[in-house]
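Computed from a predicted structure; not experimentally measured.
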Amino acid sequence: MTAKFSPIINPEELLQLSNSPEIILIDARAGINAAENYRNEHLKGARYIDLNKDLATVETDPANGGRHPLSSLEKFSTVLSKTGISPQSHIIIYDDKNGSNAAARFWWMLRAIGHEKVQVLNGGLPAAIESGYPINSATETFEATAKYPVSKWKLPTADIEEVEKARNNDKNTVIDVRDKNRFDGLTEPLDLIAGHIPGAINVPFSENLDTDGFFQSPQFLQEKYSLIIGDKKPENIIVHCGSGVTACHTLLAMDYAGIAIPKLYVGSWSEWSRNDREMATKKTE
């Protein structure tokens, strides 16, 4: 029986694979200057993936699917092909936010089309540089591959109507992974309204990491999430964030812990808060 492929790889392990032709290294940094930062400095050999252009189909109105709706399968297949990725590729993804920027989102999307050989770099770009991995500012050259065959999203998702039904159902747990101040409605840097979905519980994704910015051990994470989930089935757990990106960090942590990956609510708070749904805000206290 083949051992499960770990979703996390440590910088020292990556360094040992630095000359392997089988590895495709992906820079998934996000933000206003992400592409420029990549051009200025990236891990040698890394190819760039853009969150907004490659991992989402951004709509003009976030009320329709949130700020980062999933790409169509057709678009995602094209992105993979132009990036030189095939079903046989061993993909290692990093960002500069300990996996919470877009690395975990790309990991989830790959796993959701059935690609198993994909890992997120523990500690991200800073840890790789600290370990001695070579950096580069030159243009990386590679060949596109044949169209990546995709048929459906194989990991479970939930839409806004399912979240509405689940949030007050004792058989379900809705987990919001944003930081506590955003959940409590004290601050909101990205969306129009501060607060959370009533009935959801707050488990900040930052708790997946230790004080050095590395993932907690699988054993630690297994114990943590087992207490939260209890005996509920994966299909009765819904995880969300602001726009379906950092929620994937917690799904990654769960998978690392050996817990079945639950449902992702892609639209998340950015969709919910724009659809005249009940909201728990500081004003409603």
Just verifying a value: how many Å separate [X] [atom1] and [Y] [atom2], rounded to the nearest 0.5 Å?
{"X": "Leu209", "Y": "Ser100", "atom1": "CG", "atom2": "OG", "value": "7.5 Å"}
{"X": "Leu17", "Y": "Glu12", "atom1": "CG", "atom2": "CD", "value": "12.0 Å"}
{"X": "Leu155", "Y": "Asp255", "atom1": "CG", "atom2": "CG", "value": "8.5 Å"}
{"X": "Leu73", "Y": "Ser151", "atom1": "CG", "atom2": "OG", "value": "7.5 Å"}
{"X": "Leu264", "Y": "Trp153", "atom1": "CG", "atom2": "CH2", "value": "10.5 Å"}
{"X": "Asp96", "Y": "Ile129", "atom1": "CG", "atom2": "CD1", "value": "10.0 Å"}

In terms of side-chain geometry, is the basic nitrogen of [X] or [Y] positioned less than 4.0 Å from the acidic oxygen of its partner?
{"X": "Glu140", "Y": "Lys44", "value": "no"}
{"X": "Asp176", "Y": "Arg182", "value": "no"}
{"X": "Glu207", "Y": "Lys224", "value": "yes"}
{"X": "Arg277", "Y": "Glu161", "value": "yes"}

Any [X] side-chain heavy atom under 4.5 Å of [Y] side chain:
{"X": "Val174", "Y": "Ile201", "answer": "no"}
{"X": "Lys154", "Y": "Arg111", "answer": "no"}
{"X": "Gln119", "Y": "Trp107", "answer": "no"}
{"X": "Leu125", "Y": "Tyr133", "answer": "no"}
{"X": "Ile8", "Y": "Leu252", "answer": "yes"}
{"X": "Trp269", "Y": "Cys241", "answer": "no"}
{"X": "Met279", "Y": "Ser273", "answer": "yes"}
{"X": "Pro204", "Y": "Asn202", "answer": "yes"}

N/O donor-acceptor pair under 3.5 Å between [X] side chain and [Y] backbone:
{"X": "Asp50", "Y": "Asp54", "value": "no"}
{"X": "Thr187", "Y": "Asn181", "value": "no"}
{"X": "Asp210", "Y": "Asp212", "value": "yes"}
{"X": "Arg47", "Y": "Thr83", "value": "yes"}
{"X": "Ser268", "Y": "Ser270", "value": "no"}
{"X": "Arg105", "Y": "Gly244", "value": "yes"}
{"X": "Gln222", "Y": "Ala257", "value": "no"}
{"X": "Ser77", "Y": "Lys147", "value": "no"}
{"X": "Asn275", "Y": "Glu271", "value": "yes"}
{"X": "Ser226", "Y": "Glu223", "value": "no"}

Quick one: closest heavy-atom pair of [X] and [Y], and the distance?
{"X": "Asn52", "Y": "His68", "value": "OD1-NE2, 2.8 Å"}
{"X": "Asp95", "Y": "Pro126", "value": "O-CD, 4.5 Å"}
{"X": "Ser71", "Y": "Leu55", "value": "OG-C, 3.3 Å"}
{"X": "Thr145", "Y": "Ile85", "value": "OG1-O, 2.9 Å"}
{"X": "Asn136", "Y": "Ala138", "value": "OD1-N, 3.1 Å"}
{"X": "Val266", "Y": "Pro69", "value": "CG1-CA, 4.1 Å"}

Test salt bridge (charged side-chain N to carboxylate O under 4.0 Å, His left out) applied to Glu278 - qualifying residues, sequence neighbours left out: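 With neighbours one apart ignored, the set is Arg167.
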Could you check Thr57 against Lys75 for side-chain contact (heavy atoms from CB on, under 4.5 Å), going step by step and ending with a plain yes or no? CA-CA 9 Å; Thr57 299; Lys75 176 182 174 180; 3.7 Å; yes
Can you pull out every side chain to side chain donor-acceptor pair (under 3.5 Å) where at least one residue sits in residues 189-198? Sequence neighbours excluded, please. Arg67-Asp191, Asp191-Arg274
Tell me, yes or no, whether the heavy-atom count around [X] atom [atom1], taken from other residues, nucleotides or ligands under 6.0 Å, exceeds 12.
{"X": "Lys233", "atom1": "NZ", "value": "no"}
{"X": "Asp276", "atom1": "CG", "value": "no"}
{"X": "Asp61", "atom1": "CG", "value": "yes"}

Just list the side-chain donor-acceptor pairs under 3.5 Å for residues 21-36, sequence neighbours left out, or say none.
{"from": "Asp27", "atom 1": "OD1", "to": "Arg29", "atom 2": "N", "distance (Å)": "3.1"}
{"from": "Asp27", "atom 1": "OD1", "to": "Arg29", "atom 2": "NE", "distance (Å)": "3.1"}
{"from": "Asp27", "atom 1": "OD2", "to": "Arg29", "atom 2": "NE", "distance (Å)": "3.0"}
{"from": "Asp27", "atom 1": "OD2", "to": "Arg29", "atom 2": "NH2", "distance (Å)": "2.7"}
{"from": "Asp27", "atom 1": "OD2", "to": "Tyr94", "atom 2": "OH", "distance (Å)": "2.7"}
{"from": "Arg29", "atom 1": "NH2", "to": "Glu41", "atom 2": "O", "distance (Å)": "2.7"}

Honestly curious: do [X] and [Y] fall in one hydrophobic cluster under the side-chain, below-4.5 Å linking rule?
{"X": "Ile175", "Y": "Ile238", "answer": "no"}
{"X": "Tyr256", "Y": "Leu110", "answer": "yes"}
{"X": "Ile237", "Y": "Tyr265", "answer": "no"}
{"X": "Ile9", "Y": "Ile49", "answer": "no"}
{"X": "Phe220", "Y": "Ile228", "answer": "yes"}

Quick one: do the Asn236 and Thr173 side chains pair a donor with an acceptor below 3.5 Å? no
NZ or CZ of Arg178 within 45° of Phe205 ring axis and under 6.0 Å: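 Pair Arg178/Phe205 does not count as cation-pi.
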Quick one: sort the His249 and Phe215 rings into parallel, tilted or perpendicular, breaks at 30° and 60°.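 Because their plane-to-plane angle is under 30°, the rings of His249 and Phe215 count as parallel.
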side-chain contact (heavy atoms from CB on, under 4.5 Å) between Asn172 and Lys232, worked out: CA-CA 7 Å; Asn172 298 89; Lys232 292 186 176 72; 5.6 Å; no
Does the side-chain contact (heavy atoms from CB on, under 4.5 Å) test come out yes or no for Trp272 and Glu164, once each step is laid out? CA-CA 9 Å; Trp272 183 275; Glu164 180 68 75; 3.6 Å; yes
Stepwise, does the side-chain contact (heavy atoms from CB on, under 4.5 Å) test hold for Met254 with Ile229? CA-CA 11 Å; Met254 289 181 172; Ile229 294 170; 4.0 Å; yes
